[in-house]
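Everything below concerns the one structure shown next.
Given the structure is predicted, the values throughout are model-derived calculations rather than measurements. Per chain, numbering begins at 1; letters A, B, ... match sequence-line order.
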There are 2 protein chains.
Amino acid sequence: MKLDERHLIQLAAVVNAGGVSEGAELLGMTQPAVSRTLAILEKRLGEALFVKGRRPLRPTPFGRALADHGQAMLLSSRKASELVDNFREGRTGAVRVAGTQFFMDGLVSNLIADFHVARPDVRVIQSYGYMEELQSAIRADRVDLAICPVDVLDGDDLEFRSILPGRNVVACRVTHPLLMKRKLRGSEVLDYPWIAPPLNSPLQADMRALLLSFGSTGVSVPYVGGSLASAINYLKRTDALTILPHGVVFAYRKEREITALPLRVPHPERALGILKLAGSPQSPAIAAFTDFIIKGFGSLADLIKRHEQSVVWKA
Amino acid sequence: MKLDERHLIQLAAVVNAGGVSEGAELLGMTQPAVSRTLAILEKRLGEALFVKGRRPLRPTPFGRALADHGQAMLLSSRKASELVDNFREGRTGAVRVAGTQFFMDGLVSNLIADFHVARPDVRVIQSYGYMEELQSAIRADRVDLAICPVDVLDGDDLEFRSILPGRNVVACRVTHPLLMKRKLRGSEVLDYPWIAPPLNSPLQADMRALLLSFGSTGVSVPYVGGSLASAINYLKRTDALTILPHGVVFAYRKEREITALPLRVPHPERALGILKLAGSPQSPAIAAFTDFIIKGFGSLADLIKRHEQSVVWKA
DNA sequence: GAGCTTCATACCAGATTGCTATATTATCTG
DNA sequence: CAGATAATATAGCAATCTGGTATGAAGCTC
């Protein structure tokens with residue numbers, strides 16, 4: 001016999017609370033409503049659920065057995081409600097974020113860690129890619145948002161929000177000989193080996209432009225294609241140089257192992273930003289994550305600005 | 001956020017079955033009904049439950065999580081339905097049965113065992129008592145039915161159904177000397193010690209009447225008050241006699257340890273029967289049990305009748 | 001792209017919900 | 001044991017919701 005789940009839940013509440021009024025209160029309902037439900041249930045079942053005529057309301061064995069199942073449903077229902085609430089406030093859910101390797105590894109991963117302090121139950125699913133791939137990933141709904149440098153955006157279905165000026169620096173270890181010089185000329189960087197960023201990376205082009213501006217005639221590039229962790233490990237142990245986003249080098253300043261040469265590097269035309277589907281409704285968790293990323297980069301930008309005033313950059 | 005339990009159940013069914021139509025079928029509903037439920041759910045939650053535009057219907061992670069809770073409710077609901085069905089068909093429930101010691105121990109307990117072959121999940125709660133106690137126990141709803149000898153019934157709120165003629169016999173062990181006699185005179189029973197039934201038992205009065213009819217002048221009664229098991233154990237080991245309901249002795253015939261003397265004993269005015277509240281609705285389990293008892297005693301009566309034709313009773 | 005299957009929508013009759021107001025019943029108290 | 005008190009049951013009502021049929025829209029298969 002099929003019976004209404006809500007009825008069983010009400011029964012459970014009444015049995016638990018020890019009275020119709022209390023049970024109703026427990027459910028946020030009025031007593032008559034619950035009372036009628038019980039009457040209907042008893043009528044349909046043709047069987048008493050409570051010993052009648054006794055005031056401290058006592059369920060029959062049958063009533064109690066039924067109430068047990070109702071209780072299970074009540075608990076499930078509560079949990080479902082909680083799940084929904086958590087989800088709606090972005091405490092639960094999943095964010096699929098993608099981006100270029102160096103930014104994801106150097107900056108975003110830190111922010112994700114911070115994000116999880118407040119929202120540990122939001123799953124972050126990270127992947128890597130460059131502009132075109134990222135765009136198509138977003139359009140195909142394989143990714144919720146991308147964090148990457150963008151110059152031109154084709155199509156108006158995507159929305160780009162800039163979060164950090166596109167600025168690169170020449171990175172080296174803190175004990176690098178060039179840092180000792182009183183006067184550093186740009187061309188001197190050509191005397192050291194260079195690490196090249198991964199193929200297809202926008203940094204690849206940036207590095208070429210940089211070296212050309214210093215009059216490159218064939219620099220030594222003994223290491224290519226490693227991701228950020230590899231590049232940094234290599235930097236730490238050699239006098240090699242490489243090009244990195246300023247923010248990334250900045251984020252590593254605490255470890256006092258790598259730093260940037262005080263050299264002005266030509267600005268690329270791109271800014272780092274967040275790319276997402278324009279105007280599509282997004283889950284609260286994604287919104288919260290996006291927000292957090294924006295704020296995080298905002299304060300990073302502030303930090304960099306303040307830090308900048310104490311450093312003299314040479315041309 | 002409060003949401004309708006039924007909706008979650010439908011969601012679970014759809015996720016499980018892998019399609020709206022299949023889910024609807026699973027629940028015995030039509031596809032449009034379920035489809036609308038899902039639409040309502042998504043609208044209220046403001047969140048997709050299924051990735052739209054894909055035909056092998058695939059739930060979003062959120063949808064799946066919600067469906068899990070729905071699944072729990074679905075299971076509970078199924079179990080509740082089953083419970084109700086079992087109950088309504090008397091496969092589940094409880095029967096509170098009371099009766100006089102000798103009948104309960106000697107006959108009814110066997111029937112209960114047989115009853116449980118077909119309905120192992122019906123709990124039988126047995127208690128003992130004599131007429132007055134049994135009547136008030138039934139009226140106070142402490143007992144569902146009583147099995148006892150009844151002569152007069154006061155009040156018409158109780159219903160009595162006779163199930164066995166009220167007939168007693170003189171019981172003894174199968175090796176009793178009196179059984180060897182070709183011609184047994186009633187007065188000879190006075191030469192042996194007698195076991196007296198418990199105080200207040202109707203058998204008490206029956207025994208007194210019996211002994212008087214044989215011209216009692218002070219029989220030896222060395223053992224009083226034991227219940228059936230005690231009396232039978234005692235009988236087995238001595239040449240004592242006692243009065244027992246015929247059916248009880250008959251039930252023990254298979255063990256070939258006690259039997260009845262071929263003596264006619266004056267019939268008491270009572271018949272063994274089932275006593276219950278008149279016209280009150282009773283649970284299916286109780287109905288089934290009552291039925292079983294009636295049938296059980298019916299075939300016992302038949303057996304006794306057939307057996308009787310092969311025994312010669314003396315006066 | 002035709003045909004098939006599956007899902008979504010529109011509309012309707014009937015059931016159910018929850019409410020307020022009120023009657024009924026059980027328990028407690030003197 | 002009557003009267004006070006608290007709890008439960010009942011009645012009536014408006015709004016919602018239910019599930020059904022009929023039908024349109026959209027994916028999949030070949």
Side-chain angles (χ1 to χ4, degrees), chain A residues 1-60 63-64 67 70 73-74 77 81 140-141, chain B residues 1-60 63-64 67 70 73-74 77 81 140-141:
Chain A
M1 179 193 203
K2 174 86 176 68
L3 17 79
D4 192 325
E5 288 76 23
R6 234 176 317 176
H7 290 179
L8 294 186
I9 288 180
Q10 292 181 27
L11 170 65
V14 169
V15 169
N16 270 4
V20 179
S21 311
E22 295 89 329
E25 163 122 45
L26 204 76
L27 296 171
M29 300 175 57
T30 58
Q31 168 267 320
V34 176
S35 181
R36 184 180 47 186
T37 294
L38 295 181
I40 292 175
L41 251 183
E42 290 196 329
K43 183 169 193 175
R44 291 199 186 147
L45 296 169
E47 186 60 35
L49 295 169
F50 293 91
V51 252
K52 48 189 167 297
R54 285 253 154 272
R55 191 60 73 147
L57 215 52
R58 217 180 46 209
T60 62
R64 184 179 300 281
M73 289 191 248
L74 178 55
S77 181
S81 292
D141 193 34
Chain B
M1 181 196 200
K2 175 85 177 69
L3 19 78
D4 192 326
E5 289 76 22
R6 231 173 319 174
H7 291 180
L8 295 185
I9 288 180
Q10 292 180 24
L11 170 64
V14 170
V15 168
N16 270 5
V20 178
S21 311
E22 295 89 327
E25 164 123 46
L26 205 75
L27 296 172
M29 297 175 59
T30 58
Q31 169 268 320
V34 175
S35 181
R36 183 182 48 185
T37 294
L38 295 181
I40 291 175
L41 252 182
E42 290 197 329
K43 184 168 193 174
R44 289 199 187 148
L45 295 169
E47 186 60 34
L49 295 170
F50 293 90
V51 242
K52 46 189 167 296
R54 286 253 156 272
R55 192 56 75 133
L57 214 52
R58 216 179 46 207
T60 63
R64 186 179 299 280
M73 288 190 250
L74 178 57
S77 181
S81 291
D141 192 34

Show every donor-acceptor pair shorter than 3.5 Å between a side-chain atom in residues 6-35 of chain B and any protein atom, with sequence neighbours excluded, or say none if there are none.
unit_1  : atom_1 : unit_2  : atom_2 : d
B/Arg6  : NH2    : A/Asp4  : OD2    : 3.1
B/Gln10 : OE1    : B/Thr37 : OG1    : 2.7
B/Asn16 : ND2    : B/Gln71 : OE1    : 2.8

Protein-nucleotide distance (A/Leu27, atom CG; C/dT17, atom P), rounded to Å: 13 Å
Euclidean distance, atom CG of residue A/Leu38 to atom C1' of C/dG18 [Å, nearest integer]: 15 Å
Terminal axes of the helix from C/dG1-D/dC30 to C/dG30-D/dC1 (five pairs each): angle between them, nearest 10 degrees: 50°
Whether B/Ser77 side chain and B/Met73 backbone form a donor-acceptor pair below 3.5 Å: no
Euclidean distance, atom CG of residue B/Leu49 to atom P of C/dC7 [Å, nearest integer]: 15 Å
Reading 5' to 3' through nucleotides 14-23 of chain D, protein heavy-atom contacts under 4.0 Å coded B for base, S for sugar-phosphate only, - for none: ---SBBSBB-
Heavy-atom closest contact (A/Pro59 atom, A/Gly63 atom, distance): CB-C, 4.4 Å
Salt bridge (charged side-chain N to carboxylate O under 4.0 Å, His left out) pairs, two or more places apart, involving residues 33-43 of chain A: none
Sugar-phosphate only, base, or nothing, as touched by B/Ser21 at under 4.0 Å among non-hydrogen atoms: sugar-phosphate
Length of the NZ-P vector between B/Lys2 and C/dT17, whole Å: 12 Å
With sequence neighbours excluded, residues passing side chain to side chain donor-acceptor pair (under 3.5 Å) with B/Thr60: none
N/O donor-acceptor pairs under 3.5 Å from side chains in residues 44-51 of chain A, not counting sequence neighbours:
none

